[in-house]
2 protein chains.
Amino acid sequence: MKLNTKSRYAVMALADMSKFPLDSPVSLRDISLRQSISLLYLEQIFLKLKKNEIVKSVRGSNGGYVLRKDPKNIKLSEIFQAVDQKVKTVGCKKDSKKGCNGKSAKCITHELWDELDLYINNFFENKNLSDLLMTKERKN
Amino acid sequence: MKLNTKSRYAVMALADMSKFPLDSPVSLRDISLRQSISLLYLEQIFLKLKKNEIVKSVRGSNGGYVLRKDPKNIKLSEIFQAVDQKVKTVGCKKDSKKGCNGKSAKCITHELWDELDLYINNFFENKNLSDLLMTKERKN
DNA sequence: TATATACCCGACTAAAATAGTCAAGTATTA
DNA sequence: TAATACTTGACTATTTTAGTCGGGTATATA
Ligand code: FES
Ligand code: FES
């Protein structure tokens, strides 16, 4: 049960952005430097964030990315979905009628993992970007 | 954010066991057949469960494994810990003072991931083996 | 006491996922 | 027109996962 860097960086980068005036573009280069994330990797991530309409891009010199919504309204679940990093706790195909064992019924633990899935997603559903910022004394 | 088979199988196998008389040994071969889990993989898993005193072994013909405690008292967190599959949400070393970026301070998202870590572990802490069994109508 | 059953244990490996990099662009502004 | 910054697809090294393999040892029962 591990969180991957793609999700972690996506949130980190967006959190970085939301500390700056929301209407002026923030360049990936700056985020890369401040947060020590590979620029090329960030580009890959932001392409997805853009496609999923979480940010919009401003090309050219002095360009960068701009948040499309107030940080208060950007839920972590949206971000995760955008970089398509889903929570996967069950062993079986989610829609299939078959179990993880190939048998026709769901296995004895299926319900448990399903519950865990919901539980975790609930966390992401109830957290937004601005929650990250209102902790006491944040710099860097 | 994905659950691996080791943890999933460990819980599945123990849940299987706890449906049988608790004092007579259950062989891995039987579990393997009922739950469609590779026997050799199960052996690997049970070695750890044994070392961590969740089960004890009975060697020889008619042998198998026996739960060391009532299923009611076996928390999922114990099982996960036994097969050493930890939850890892932060990018940094947990005890280190350094951040995931190599800098001297923790990153802007650290607190969030730490909270998530606690949140997930809380789930495992509050579930035990017997919770898996009391759902209506369980066979296979 | 022979034989089958079942646990014991370390080492090994194929395949998949992760965490990036690279190359070759295009658009915009100063 | 030079510099900045986004765009996109393909590629790759490394790590992790999900097992397998081989060669044991202990015990029950026929
Ligand atoms: S996890 Fe869905 S059937 Fe086993
Ligand atoms: S996750 Fe701990 S410092 Fe970034």
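Just so it is clear, the model here is predicted, and its values are computed rather than measured. Chain identifiers are assigned alphabetically (A, B, ...) following the order of the sequence lines, protein sequences preceding nucleic acid strands; residue numbering begins at 1 within each chain.
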Q | Members besides L33(B) in its Ile/Leu/Val/Met/Phe/Trp/Tyr cluster (side-chain heavy atoms under 4.5 Å) | A |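 For L33(B), no cluster forms, as it stays isolated from other hydrophobic side chains.
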For [X] and [N], what is the distance between atoms [atom1] and [atom2] respectively, to the nearest whole Å?
{"X": "K56(A)", "N": "dT7(D)", "atom1": "NZ", "atom2": "C1'", "value": "18 Å"}
{"X": "K88(B)", "N": "dT18(C)", "atom1": "NZ", "atom2": "P", "value": "15 Å"}
{"X": "L3(A)", "N": "dT15(D)", "atom1": "CG", "atom2": "P", "value": "19 Å"}
{"X": "Y41(B)", "N": "dA14(C)", "atom1": "OH", "atom2": "P", "value": "17 Å"}
{"X": "I37(B)", "N": "dA18(D)", "atom1": "CD1", "atom2": "P", "value": "13 Å"}
{"X": "K6(A)", "N": "dA17(C)", "atom1": "NZ", "atom2": "C1'", "value": "10 Å"}
{"X": "Q85(B)", "N": "dT17(D)", "atom1": "CD", "atom2": "P", "value": "6 Å"}
{"X": "L42(A)", "N": "dT21(C)", "atom1": "CG", "atom2": "P", "value": "10 Å"}

Counting heavy atoms from C-beta on, name the nucleotide in dT21(C), dC7(C), dA6(C) closest to the side chain of R29(B).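 For R29(B), the side-chain atoms sit closest to dA6(C).
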Just N and O in the side chain of [X]: are any of them under 4.0 Å from OP1 or OP2 of [N]?
{"X": "S57(A)", "N": "dT7(D)", "value": "yes"}
{"X": "Y9(B)", "N": "dA18(D)", "value": "no"}
{"X": "S38(A)", "N": "dA19(C)", "value": "no"}

Within a radius of less than 6.0 Å around CD of Q81(B), do more than 12 heavy atoms belonging to other residues, nucleotides or ligands occur? no
| query | Is the number of heavy atoms from other residues, nucleotides or ligands under 6.0 Å of K88(B) NZ greater than 12? | reply |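 Result for NZ/K88(B): enclosed.
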The answer to which of E43(A) and T5(B) contacts DNA chain D further toward the 5' end, by nearest nucleotide, is E43(A)
Report task. Answer whether the closest heavy-atom distance between the side chains of Y65(B) and I31(B) falls below 4.5 Å. Result -> no
Close side-chain approach of R68(A) and I74(A), heavy atoms under 4.5 Å:
no
For K75(B), the side-chain contact (heavy atoms from CB on, under 4.5 Å) test, sequence neighbours excluded, returns S77(B), E78(B), E125(B)
Name every donor-acceptor pair, under 3.5 Å, that has one atom in a side chain of residues 4-15 of chain B and the other anywhere in the protein, sequence neighbours excluded.
residue: N4(B); atom: OD1; partner: S7(B); partner atom: N; Å: 3.2
residue: N4(B); atom: OD1; partner: S7(B); partner atom: OG; Å: 2.5
residue: T5(B); atom: OG1; partner: Y41(B); partner atom: OH; Å: 3.2
residue: K6(B); atom: NZ; partner: Q44(B); partner atom: OE1; Å: 3.1
residue: R8(B); atom: NE; partner: T89(A); partner atom: O; Å: 3.1
residue: R8(B); atom: NH2; partner: T89(A); partner atom: O; Å: 3.2
residue: R8(B); atom: NH2; partner: V90(A); partner atom: O; Å: 3.4
residue: R8(B); atom: NH2; partner: L3(B); partner atom: O; Å: 3.1

The correct set of residues in residues 44-55 of chain B placing a heavy atom under 4.0 Å from DNA chain C is Q44(B), L47(B), K50(B)
Please list, one pair per line, the donor and acceptor atoms closer than 3.5 Å that link side chains of residues 48-64 of chain B to other protein atoms, with sequence neighbours excluded.
residue: K48(B); atom: NZ; partner: D84(B); partner atom: OD1; Å: 3.3
residue: N52(B); atom: ND2; partner: K48(B); partner atom: O; Å: 2.9
residue: N52(B); atom: ND2; partner: A82(B); partner atom: O; Å: 3.4

Is it true that K106(B) and D114(B) make a salt bridge, defined as a side-chain N closer than 4.0 Å to a carboxylate O? no
In 5'-to-3' order, the base (B), backbone-only (S) or no-contact (-) status of each nucleotide in nucleotides 25-30 of chain D, using a 4.0 angstrom heavy-atom cut-off, is BBBSS-
